[in-house]
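Written out below as structure tokens is the structure these notes cover.
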There are 2 protein chains.
Amino acid sequence: MPEPLEPEPLESVPAAFAPHDHRACETRVLDEAADRLAELGGRLTPVRRRTLEILLESHRAMGAYEVLDRLATEGFGRQPPVAYRALEFLVEHGLAHRLQRLNAFAACLHPGRDHAPAFLICRACDALAELPAAPVRAALADLAADTGFIIERATIEAVGLCPVCVKAAA
Amino acid sequence: MPEPLEPEPLESVPAAFAPHDHRACETRVLDEAADRLAELGGRLTPVRRRTLEILLESHRAMGAYEVLDRLATEGFGRQPPVAYRALEFLVEHGLAHRLQRLNAFAACLHPGRDHAPAFLICRACDALAELPAAPVRAALADLAADTGFIIERATIEAVGLCPVCVKAAA
DNA sequence: AATAGAAATGTAATAAGGTAACACGCGTTG
DNA sequence: CAACGCGTGTTACCTTATTACATTTCTATT
């Protein structure tokens, strides 16, 4: 049964992996994005806004060219830089993430100040969950500290099966 | 994969970040590779062996096309699949790693020991260190377990400055 | 030794991902 | 009104990776 939606759910099961009111999800993120850009000074132009909406339509990571196709059919430019620039803008302003493993992008569901999540990617349904990764990063920082290496950015991405697909497989 | 793990002679500063007898380093890995393949049944053919040697020549991650150029000038095929297949073989047999963040490959310096290391990549000198990542993975597994997600593979890569370049910068 | 089948190697062709360089239009602002 | 920065669009090109298929080499039998 669909779970009731709480205002600020500290999801023990990320929303990506469970049925939820996705419309609300989108709206919330778009609102937050506007706020955030007001603070930071960035402009949420039509292409950029549409790009974010496209990313938000599913809990999936999308390739730049997939986004581009969508933009092109909606009357925006059809050359790669159009998508890359919009995506880069979103990433720079903390509104989207870039997933290295997939060479793909996803909307950021929790735009916030210092925000460096880990990702869980379901290989069966492509669902993508964004987890607070503080403990993981701490562990990594510990290791690195011993070596004298200074971490500037770290990528933590896991591929596997989400709860839904685990059940489906059984 | 479930292999007896010898006590790891873990350098507190990975060899990649410090001067060391690299010739010995190469020889050791090549020997271990041969052993490992004898067990597993893989064949270390000329292209494959040469590919591993090329990766071993530096503590860096190399692009597939960089490897391919080397192979081609040495008389092997000059089409991409030549390099990709050899690299894929090495990765499958635990003799090399694929770095997602860089779209690149590196020789595995500890074949058979820690099959799932974390990587530290120096953005200044491209040095690459391979660290046992058990604690990091444990932390990640913890997070994932709460969600019911089953991790099959995880990528943990950090970019920053190695000790040598930190000093150089100062 | 002969040979069928599997494994490995090679090729060409193309897909997918990404960047550089430049032109135009639009709002600010001096 | 310039002059400017910024955003958007374009063309052209580069890098990375895969598909499909032909050929050679190994290996395990007879």
Side-chain angles (χ1 to χ4, degrees), chain A residues 33-34 37-38 40-55 60-93 95-106 121 126 155 157, chain B residues 33-34 37-38 40-55 60-93 95-106 121 126 155 157:
Chain A
L37 288 178
L40 293 176
R43 288 170 50 201
L44 194 58
T45 62
V47 216
R48 291 170 178 173
R49 182 184 175 89
R50 194 66 200 109
T51 300
L52 181 53
E53 288 170 358
I54 289 169
L55 290 182
R60 285 175 44 237
M62 301 181 70
Y65 280 71
E66 195 178 350
V67 171
L68 178 58
D69 282 347
R70 296 285 306 275
L71 291 174
T73 64
E74 295 178 20
F76 297 98
R78 47 184 60 259
Q79 302 307 318
V82 170
Y84 280 105
R85 281 193 291 234
L87 291 167
E88 185 186 30
F89 172 89
L90 295 175
V91 171
E92 268 172 9
H93 291 78
L95 303 176
H97 299 288
R98 179 168 203 152
L99 290 124
Q100 308 294 338
R101 165 152 230 136
L102 300 171
N103 292 343
F105 301 82
I121 306 157
D126 289 331
T155 300
E157 296 171 12
Chain B
L37 289 177
L40 293 176
R43 289 168 50 200
L44 193 58
T45 61
V47 217
R48 290 170 179 174
R49 181 183 175 89
R50 194 64 199 111
T51 300
L52 181 52
E53 288 170 357
I54 289 169
L55 291 182
R60 286 175 44 237
M62 301 180 72
Y65 280 70
E66 196 180 348
V67 172
L68 178 58
D69 281 348
R70 297 283 309 271
L71 291 174
T73 65
E74 296 180 18
F76 296 99
R78 45 185 61 259
Q79 302 305 320
V82 170
Y84 280 103
R85 281 192 292 233
L87 290 166
E88 184 186 30
F89 171 89
L90 294 175
V91 171
E92 269 171 7
H93 291 76
L95 303 176
H97 299 287
R98 179 169 204 152
L99 290 123
Q100 308 295 339
R101 165 153 229 137
L102 301 171
N103 291 344
F105 301 82
I121 305 157
D126 289 333
T155 299
E157 296 171 12

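Naming: A, B, ... by sequence-line order, numbering from 1 per chain.
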If you pin B:Phe76 and A:Ala64 to their nearest nucleotides in DNA chain C, which one's is more 5'?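 Of the two residues, B:Phe76 wins.
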Rounded to the nearest Å, what distance is computed from the [atom1] atom of residue [X] to the [atom2] atom of nucleotide [N]?
{"X": "A:Leu68", "N": "D:dG9", "atom1": "CG", "atom2": "P", "value": "10 Å"}
{"X": "B:Asp69", "N": "D:dT16", "atom1": "CG", "atom2": "C1'", "value": "13 Å"}
{"X": "A:Met62", "N": "C:dA16", "atom1": "CE", "atom2": "P", "value": "15 Å"}
{"X": "B:Leu87", "N": "D:dA17", "atom1": "CG", "atom2": "P", "value": "10 Å"}
{"X": "B:Tyr84", "N": "D:dT15", "atom1": "OH", "atom2": "C1'", "value": "8 Å"}
{"X": "A:Gln100", "N": "C:dG18", "atom1": "CD", "atom2": "C1'", "value": "13 Å"}
{"X": "A:Arg50", "N": "D:dT8", "atom1": "CZ", "atom2": "C1'", "value": "18 Å"}
{"X": "B:Glu88", "N": "D:dT16", "atom1": "CD", "atom2": "P", "value": "18 Å"}

Minimum side-chain heavy-atom gap [X]-[Y] below 4.5 Å:
{"X": "B:Leu55", "Y": "B:Leu87", "result": "yes"}
{"X": "B:His93", "Y": "B:Arg48", "result": "no"}
{"X": "A:Ile54", "Y": "A:Met62", "result": "yes"}
{"X": "A:Tyr65", "Y": "A:Tyr84", "result": "yes"}

State which of [options] makes the closest approach to the side chain of [X].
{"X": "B:Pro80", "options": "D:dT18, C:dT9, D:dT11", "answer": "D:dT18"}
{"X": "B:Tyr65", "options": "C:dG18, D:dA17, C:dA12", "answer": "D:dA17"}
{"X": "A:Pro81", "options": "C:dG18, D:dG7, D:dT10", "answer": "D:dT10"}
{"X": "B:Arg78", "options": "C:dT11, C:dT9, C:dT19", "answer": "C:dT11"}
{"X": "A:Val47", "options": "C:dG18, D:dT8, C:dA8", "answer": "D:dT8"}
{"X": "B:Arg43", "options": "D:dC26, C:dT9, D:dT16", "answer": "D:dC26"}

Select base, sugar-phosphate, or nothing to describe what A:Arg49 touches, counting heavy atoms under 4.0 Å on all strands.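 No contact.
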B:Gln79 vs C:dA12: side-chain N/O to OP1/OP2 distance below 4.0 Å: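 So the side chain of B:Gln79 is within the cut-off, an N or O lying under 4.0 Å from OP1 or OP2 of C:dA12.
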DNA chain D: B:Asn103 or B:Arg85, which has the more 5' nearest nucleotide?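 The residue mapped nearer the 5' terminus is B:Asn103.
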May I ask you to decide whether B:Glu66 forms a salt bridge with B:Arg70, counting only side-chain N to carboxylate O separations under 4.0 Å?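 No, this pair does not count.
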